[in-house]
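Down below is the structure, laid out as structure tokens.
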Amino acid sequence: MTIAGTRNAQKTAGEMTWRRRLVPPLTAILTGIALWWLATAVLSGPESVLRQTAPQHVLGALAGLLERQVLLGDLGVSLWRLLIGLAVATVIGMPLGLLIGSSRLAERAGGPIIAFLRMISPLSWTPIALAVFGIGNQPVIFLIAVAAVWPVLLNTAAGVRAVDPGLLNVARSFHATRRELMLAVTLPAIRTHVQTGIRLALGVAWIVLVPAEMLGVRSGLGYQILNARDQLAYDQVVAVIVVIGILGFLLDATARWLSSPSRRA
């Protein structure tokens, strides 16, 4: 085969690969939008509230919100709360995970308490958060941290338990201290587990963020949903929901890209 023929074959193979990657998700998205339009614009009654949530009305409401710059400020506030809550969860979850993963005594002592606390819905802490922190950013960040701490803690502990004992024995043979074992062996070995825990925590935190922002704060995406509902502007409600879904997808895709093996290499 000639060089030109080889290049053409490679180009064709590359185009086929991109088609296989893009066509299925695009088809699914278009099908979902078509079903959405059918349910809201065709099958719903003339006086039904669902008529307001048809795709064409939602797109118009979204354009109006962006034109008035209503969403941009609230989006920034929501992301700031999310990152602070996720940082708090990581700062608390990682050390506890290291302790529980490396100490059988700590695991036996803390296991029942962790199993009890992590099964409580984060939103169940709302009255206590409001009583302690009042109305504002603090209770929202607290609820996000309570929700996000468990994936970080549990994945960190699982990573510590999965460290190859041979690596630890080699380090001990060189008279490494506990601190040196932790910094030189354990932390590098559990990086993948920690990244997975943070990614899972990000998803949980994003889910908790929106209802947490309905607790009397005057900003954020959750507040915008309540505000639009109070105005009976259900097209705006769905527009904000669409923004939440798209942004959540982008956050998860970014976290997945940052933790991908090709990037680590």
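Note that these values count all heavy atoms, side chains included, but never hydrogens, waters or copies made by symmetry.
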Check the pair W206 / I244 against side chain to side chain contact (heavy atoms under 4.5 Å, CB included), numbers first and verdict last.
CA-CA 9 Å; W206 187 246; I244 291 170; 3.6 Å; yes
L82 and L202: CA distance, side-chain angles, deciding distance, side chain to side chain contact (heavy atoms under 4.5 Å, CB included) verdict:
CA-CA 8 Å; L82 177 78; L202 175 64; 3.8 Å; yes
Can you give me every donor-acceptor pair (side chain of residues 108-126, partner residue at least two apart or in another chain, under 3.5 Å) with its distance?
residue: S121; atom: OG; partner: L123; partner atom: N; Å: 3.4
residue: S124; atom: OG; partner: S121; partner atom: O; Å: 3.2
residue: T126; atom: OG1; partner: L123; partner atom: O; Å: 2.6

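With sequence neighbours left out, the side-chain contact (heavy atoms from CB on, under 4.5 Å) criterion links A201 to L86, A148, P151, V152. Contacts of Q236 classified as side chain to side chain donor-acceptor pair (under 3.5 Å), with partners at least two apart in sequence or in another chain: none. For L226, the side-chain contact (heavy atoms from CB on, under 4.5 Å) partners at least two apart in sequence or on another chain are M214, R229. The side chain to side chain donor-acceptor pair (under 3.5 Å) search around D74 returns Q224, not counting sequence neighbours. Annotation: side-chain contact (heavy atoms from CB on, under 4.5 Å) contacts of L83 (sequence neighbours excluded): none.
The salt bridge (Lys or Arg N to Asp or Glu O under 4.0 Å) pairs that include a residue from residues 193-205 are R199-D252, where partners are two or more places apart or lie in different chains. Within the structure, side-chain hydrogen bond (donor to acceptor under 3.5 Å, both in side chains) pairs that include any residue of residues 97-106 comprise R104-E107 (at least two apart or interchain). Pairs passing the salt bridge (Lys or Arg N to Asp or Glu O under 4.0 Å) check and including a residue from residues 201-220, sequence neighbours excluded, read R81-E213.
In this structure, L200 stands alone, with no Ile, Leu, Val, Met, Phe, Trp or Tyr side-chain heavy atom under 4.5 Å from its own, directly or through other members. Grouping Ile, Leu, Val, Met, Phe, Trp and Tyr residues whose side-chain heavy atoms lie under 4.5 Å apart, directly or via other members, places I246 in a hydrophobic cluster with W36, V58, V238, V242, F249, L250. Cluster partners of V91, using a side-chain heavy-atom cutoff of under 4.5 Å among ILVMFWY residues and allowing indirect links: none.
In this structure, T53 contributes its side chain and L50 its backbone to a donor-acceptor pair below 3.5 Å.
Contact of the V160 side chain with the I100 side chain is not registered, since no non-hydrogen atoms from C-beta on lie closer than 4.5 Å. Residues I225 and L221 form no side-chain contact, since every pair of their non-hydrogen atoms from C-beta on lies 4.5 Å or further apart. Considering only heavy atoms from C-beta on, Q56 comes within 4.5 Å of W37 through its side chain.
Summarising the geometry of H193 relative to G159, their closest heavy-atom pair is CG-CA, 3.4 Å, with the distance given to 0.1 Å. A pairwise comparison of heavy atoms in A54 and T40 identifies CA-OG1, 3.2 Å as the closest pair.
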